[in-house]
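Notes follow once the structure below has been shown.
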Amino acid sequence: MDKMVVVGGKTLNGEVRTSGAKNSALKVLFSTILAEGTHQFQNVPDLKDIQSTSELLASLGIHCERNGQDFLVHSGSLKSMEASYDLVRKMRASILCLGPMLAKYGEAVVSLPGGCAIGSRPIDLHIEGMKALGAEIELKEGYVRAKAKKLRGTTFLFENITVGGTENVMMAATLAEGTTILENVAKEPEIIDLAEYLNKMGAKISGHGTAVMKIEGVEKLKPASHSVMPDRIEAGTLLIAGAITGGEVTVMDCVPHHIESLIFKLKEAGFKISTTASSVTVQPLKQWDAVDITTSPYPQFPTDLQAQFMSLMTVANGTSVISETVFENRFMHVQELMRLGADITPKSRVAVVRGNPNGLTGAPVMATDLRASACLVLAGLVAKGETTINRIYHLDRGYEKMEIKLGKLGASISRKS
Ligand code: UD1
């Protein structure tokens, strides 16, 4: 199993490019179930989660191939209506095949994803949404078994904001009979990206990016071409990497507007940040102030940047209060940061971080999930001596060539088998 070894103390400088967004690419790949033919994508990142999605689609009879800059998906009539446990357990987002299969083929059998390191993450709202569209759903032997002769448009209010739930029900509603109104939907940029691809395929979706979405059902969708949006979480992680080492780093090929909440907090901490239409630059700063953050659905501070921001706060001046409101168990990285010498008191969904500018020292640590891995890499960049991050496969699920990108900026980082 690969490990990442980081020797702290190097200041990062230079320009780095953002890859395509994992959380958008996965969804547009699942949406190909809705239309037979060849779909053409660009900017699909080369990640473990994309491989897992390709494997799942292949098990259904849909074949993906990389062809230079293009990522082609050859969608045809499904040979199986079942997404098996072995494939779904690798990646929770696999539940996103439920809506498209149900809408196009009138049936779907998808393994329940089960719990994961960052909380129980139920799918009750996905299921309620499908039921509202007229599906009959049974949970049996660890599988969701869904059936519907024809989905029918409806008005559905999400009790809580859910990104995956919004995407799943939105995809299902594209082929429903009549109009669907979805209320209290998530507004994440990845949802807008998916809605834009669905509209290119012939769907009639409006209101994406706002709290209420309207989907007028159509009879058929056709394949189209789409360039996946830049990964805002990767962009934010790279920006924090520059900030934490006191360097000047420009993150290119991103949408600064997508990480406005992070930029706002970095400025509050004392960093000078400048933006163009497609890049963000953090200026060198020796000492920064502790600031509080509270994670919430977009456009507020993303839960997917909470762990990375916590690393920055462990070496800030003063005490920061970090509140996690999206997931109930997303402080797994705290114990590992403490192994590096961080002074943190976690209490349920709040962590109090007492910053110490020279407080981190390298140690072996364990990555517990995707964003926790990134937070440990960032902490390793400023810890004195060597930090070895075990279970780095989590990082490979969501960050494309992280060590190469950081290495080019001047970090001392290497992968060891
Ligand atoms: C997506 C992202 C993930 C990000 C999260 C929140 C992907 C592949 N993953 O995850 O990186 O951290 O959004 O921005 O895009 N919930 C329910 N019932 C449901 C569904 C969700 O109670 O049916 C709860 C979850 O347990 C969680 C909260 O709602 O507490 C938000 O989850 P959700 O927005 O659905 O996250 P994901 O789509 O799984």
Side-chain angles (χ1 to χ4, degrees), residues 20-31 45 47-50 52-53 56 88 90-99 110 112-132 137 139 144 156-172 182 184-195 211 228-229 231-234 236-237 258-259 261-262 294-309 323-333 348-349 369-375 394-395 397-399:
K22 168 182 90 73
N23 286 352
S24 176
L26 298 180
K27 321 306 170 54
V28 294
L29 295 188
F30 283 121
S31 79
L47 300 170
K48 271 266 156 54
D49 273 8
I50 297 294
S52 302
T53 305
L56 197 154
V88 173
K90 286 190 191 164
M91 191 187 66
R92 282 189 48 84
S94 306
I95 192 67
L96 269 298
C97 66
L98 179 68
V110 184
L112 282 164
C116 78
I118 59 172
S120 61
R121 300 180 90 174
I123 54 154
D124 54 321
L125 300 172
H126 300 231
I127 290 174
E128 288 309 315
M130 303 293 165
K131 280 186 178 167
I137 300 203
L139 300 184
V144 183
F156 179 72
L157 169 77
F158 284 94
E159 203 176 314
N160 295 309
I161 295 180
T162 156
V163 173
T166 300
E167 293 163 334
N168 225 349
V169 181
M170 167 172 76
M171 285 193 278
L182 300 179
N184 195 29
V185 295
K187 302 178 201 137
E188 267 65 5
E190 292 77 11
I191 292 175
I192 301 178
D193 208 34
L194 173 61
V228 171
M229 61 171 270
D231 196 310
R232 65 193 166 101
I233 304 302
E234 188 203 17
T237 304
H258 288 168
I259 49 169
S261 57
L262 170 68
T294 299
T295 66
S296 276
Y298 190 83
Q300 298 191 61
F301 198 94
T303 175
D304 284 353
L305 282 174
Q306 178 255 108
Q308 299 89 315
F309 198 82
S323 309
E324 172 60 55
T325 74
V326 180
F327 291 110
E328 79 267 28
N329 187 19
R330 209 173 196 181
F331 284 142
M332 308 279 283
H333 47 282
S348 179
R349 287 181 170 218
D369 67 57
L370 169 55
R371 306 306 170 186
S373 331
C375 122
H394 286 296
L395 195 73
R397 283 190 44 217
Y399 287 93

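One is the number of the first residue; the rest follow in order along the sequence. Remember, it's 1-based here, ligands and their atoms both numbered in the order they're listed.
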Give the atoms of ligand 1, by number and element, whose distance to some non-hydrogen atom of [X] is under 4.0 Å.
X      : value
Gly164 : 35 (O), 38 (O)
Thr303 : 6 (C), 12 (O), 14 (O)
Arg330 : 12 (O)
Val326 : 27 (C), 28 (C), 30 (O), 31 (C)

Stepwise side-chain contact (heavy atoms from CB on, under 4.5 Å) check, Ser24 with Leu194: CA-CA 7 Å; Ser24 176; Leu194 173 61; 5.7 Å; no

Asp369 and His394: side chain donor to acceptor below 3.5 Å: no

Gln308 and Thr237 side chains, donor-acceptor separation under 3.5 Å: yes

Is there a nitrogen or oxygen of [X] sitting under 3.5 Å from a nitrogen or oxygen of ligand 1?
X      : result
Leu26  : no
Thr162 : yes
Leu125 : yes

Side-chain heavy-atom pair Leu96, Met171 within 4.5 angstrom cut-off: yes

Residue pair Asp231 / Asn23, side-chain heavy-atom distance below 4.5 Å: no

Counting only heavy atoms, tell me which of [options] gets closest to [atom].
atom                    : options                      : value
atom 12 (O) of ligand 1 : Asp49, Asp304, Ile191, Asn23 : Asp304
atom 15 (O) of ligand 1 : Glu190, Lys27, Glu324, Arg92 : Lys27
atom 18 (N) of ligand 1 : Asp124, Leu96, Ile95, Ile123 : Asp124
atom 19 (C) of ligand 1 : Pro297, Pro122, Pro113       : Pro122
atom 34 (O) of ligand 1 : Val163, Thr295, Asn329       : Val163

Nearest heavy-atom neighbours spanning Leu305 and Gly236: CD2-C, 3.9 Å

Close approach, Gln306 and ligand 1, non-hydrogen under 4.0 angstrom: no

Partner of Gln306 under side-chain hydrogen bond (donor to acceptor under 3.5 Å, both in side chains), chosen from Arg371, Arg330, Glu324: Glu324

Ser52 side chain vs Lys90 backbone, donor-acceptor pair below 3.5 Å: no

Stepwise salt bridge (charged side-chain N to carboxylate O under 4.0 Å, His left out) test for Glu190 and Arg232: CA-CA 9 Å; Glu190 292 77 11; Arg232 65 193 166 101; 2.8 Å; yes

